[in-house]
Novice: 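I have a structure I would like to understand better, so I am pasting it below and will then ask my questions one at a time.
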2 protein chains.
Amino acid sequence: MRNPTLSDVAKAAGVSYATADRVVNSRGNVADKSIRKVQAAMEALGYVRDIAAANLSRGRVYRLAFLLPSGPNAFFAKMRAALSNLAAHLSAERVDIQIVDIAAFSHQGLRAALADIEVPGLDGIAIVGLSGASLQQPLADLRDKGVSVVSLVSDLRADERDAYVGINNLAAGRTAARLLGMAHSGRAGAVLTLAGSLDAEDHIQRLNGFRDVIKADFPHLTILDPILAKDDEAAVFDGMVERFKANDQITAVYNVGAGNQGLVRALEAIAPDPAPLCVVHELVAHSRAALESGLIHFIIDQRPDIEAARAVTILRALIDGRSKPPMPELVPMIYVPDNLPAHTDPAHTDIHTGKAPLHD
Amino acid sequence: MRNPTLSDVAKAAGVSYATADRVVNSRGNVADKSIRKVQAAMEALGYVRDIAAANLSRGRVYRLAFLLPSGPNAFFAKMRAALSNLAAHLSAERVDIQIVDIAAFSHQGLRAALADIEVPGLDGIAIVGLSGASLQQPLADLRDKGVSVVSLVSDLRADERDAYVGINNLAAGRTAARLLGMAHSGRAGAVLTLAGSLDAEDHIQRLNGFRDVIKADFPHLTILDPILAKDDEAAVFDGMVERFKANDQITAVYNVGAGNQGLVRALEAIAPDPAPLCVVHELVAHSRAALESGLIHFIIDQRPDIEAARAVTILRALIDGRSKPPMPELVPMIYVPDNLPAHTDPAHTDIHTGKAPLHD
DNA sequence: TCATTTTTGATTGACGTCTATCATTTTCAC
DNA sequence: GTGAAAATGATAGACGTCAATCAAAAATGA
């Protein structure tokens, strides 16, 4: 009935508790024969170490750091909110979450922050990956010191991190293409695309996926060269106005990056007729309002709240050296005006009283 | 630095540990004055009881029962798989999950199962709601005995359960309408609808939501009366064939219920030209195959794996009397061929070795 | 075979909470 | 002021694990 304890294992293996403990915690100085006996007994009894008891005994606190880009980015603002919400609830489970501000898209800032982190006590970090080799050494140093690393939203090289939490951006771009393609239902058209920069791996992948599907399945649609607006809304606005002035055949817009407030303002200013179909990324206050008002038609979202929670869960598992708990794949979420969650702001749950209704 | 313990609280309140304990565990026989002192101290120190330690001490095991419809339903098969996967991983956290088979859609079976549950030791149950009053008494009895109840997938009356885990089915129906409407892009058309039964609350809500959006935003589309096929694939097949024979103006199909294998077989058999746009519910092996082959175009899914995990989490919180951890709202997920998760089967993670790659 | 090293056993005190017991003090009614 | 009831204090063992110590036994090498 009750789960077996390490004492049970020791007894079954015919060794003392001390020896069994030496095996499970690999403290060394154990004969191979004993190791095998203990492992066999664990197998036979189905022993699983009681993590709660272990943590209690250790006085273990999971110290996690999230390095997030600072600035006006609404997506990361949502993720911050989700994290502080999580932090409040997880303090009861010995999880300490610290958010470190990083200059956005800055290799230098990230490198400095990684070096600065006071390692004693830190168990794991989550960082938003940047392509390029400059992070390799600091990350390796950190991991040598036993810190687990997950990449968040944008991946690192597979050998630089222990896990990736984020969506498949190629799939996201393909999805956008599918939606726009189907909504043209056979008509010809031209799609204006926008991106932050072609240095950002996620943006490139989205554009590639988009192109693949359009070419293969919707050849009657042409793709215009992307406006590169550095995720800056003013630049997005200017680019949109310019392109729409130069081309009155645009039937759709796909922005793989941020700066959607500029996009919305431009659509309102230009008021092209007929209105183009619009797909953008990330459900935040402004994009949500535009979706509800009908200015844009689809939002592809990666649910920062879920990603934050998952990053914490995976870091805990990594730190414990456990196997990963079952984690359904993160999938690019499609929003239309009808399947929007009730609240965009994940922090609407009252952290302090916890008085939020239990049914969501 | 360290979180305060109950001893710290007692000290700060100027009472003994025993008295502080009497307060936090409401054992009675405490003067109001002392209660206030202890509560003030808890507030001041920010005391949060260490649940792990408490559970360890109590020898607490969370005993949960999931009452799921038996039968060939692929959606619930996925949920079962997710649950056993969860169970394997959560045994380390003192969670014991038991799956109880229920005859599908049977008030009687559900009532009998509720009465039969051996209450001693049971802490919480999850059941798939059925409309009608016959469950009221057994549920009330169960909850009187301290068992927490969550409704899963299909809701109960709000006063019959502690929480609901599932999607908003009205929103799901509206979403289907939006997708089909946009994919017609102005053309007229007729939508064939299918449902299991008009006794199932979720099916009704989906149809209602669908109708609302079509009427409001896509008035050039007409909705045909639903085929009621009891989620039986043979009945779905027959109904489809009959309707398509009678009406060659059908441009789209929306099935709010199960039995999609019959739908796919019918489409292959009839091969209407042009092929109708198809929206169905729940991503399972067959619907996935049909989506990938282009026979159907959208799947609206409620991610049984996530729902299972969430039901467990919420039950644990309810049982602990904790506040609900932050839970992003469950949203009807839209799948196109391009944003499908890598594996439909959540059990592909090897439970025993845990050797699944950590990046999903 | 003896000295040395390696391996094992036995035990102990945390960690923070729960539950229980028993003795003591305070409060209250009369 | 007395007696009963209510409230409080003090303490101890348990939960399963970790981390450490010390003594005893077994294996190893010369």
Novice: Counting only side-chain nitrogens and oxygens, does Arg58(A) get under 4.0 Å of the OP1 or OP2 atom of dA14(C)?
Specialist: no

Novice: Measure CD1/Ile35(B) against P/dA6(D) and give the value in whole Å, please.
Specialist: 15 Å

Novice: Is Arg143(A) salt-bridged to Asp159(A), cutoff N-O under 4.0 Å?
Specialist: no

Novice: Looking at dG16(D), I'd like to know if its phosphate oxygens (OP1 or OP2) sit under 4.0 Å from a side-chain N or O belonging to Arg49(A).
Specialist: no

Novice: Under the rule for side chain to side chain contact (heavy atoms under 4.5 Å, CB included), what residues qualify as partners of Asp32(A), not counting sequence neighbours?
Specialist: Ile35(A), Arg36(A)

Novice: With both distances under 3.5 angstrom, what nucleotide forms a Watson-Crick or G-U wobble pair with dA30(D)?
Specialist: dT1(C)

Novice: In B/S/- notation, 5' to 3', how is nucleotides 5-12 of chain C contacted by protein heavy atoms closer than 4.0 Å?
Specialist: --SBBB--

Novice: Assign Asn55(A) to base, sugar-phosphate, or nothing according to its heavy-atom contacts below 4.0 angstrom with the strands shown.
Specialist: nothing

Novice: Which atom pairs, donor and acceptor, lie under 3.5 Å between side-chain atoms of residues 11-20 of chain B and protein residues at least two apart or in another chain?
Specialist:
{"residue": "Ser16(B)", "atom": "OG", "partner": "Ala18(B)", "partner atom": "N", "Å": "3.4"}
{"residue": "Ser16(B)", "atom": "OG", "partner": "Thr19(B)", "partner atom": "N", "Å": "3.2"}
{"residue": "Ser16(B)", "atom": "OG", "partner": "Thr19(B)", "partner atom": "OG1", "Å": "3.3"}

Novice: How close or far is atom P of dG16(D) from atom NZ of Lys11(A), stated in whole angstroms?
Specialist: 11 Å

Novice: Just the rounded figure in Å: distance from P of dA7(D) to CG of Asp21(B).
Specialist: 16 Å

Novice: To the nearest Å, how far apart are Asp50(B) CG and dG16(C) C1'?
Specialist: 6 Å

Novice: Nearest-Å distance, CG (Leu56(A)) to C1' (dT17(C))?
Specialist: 8 Å

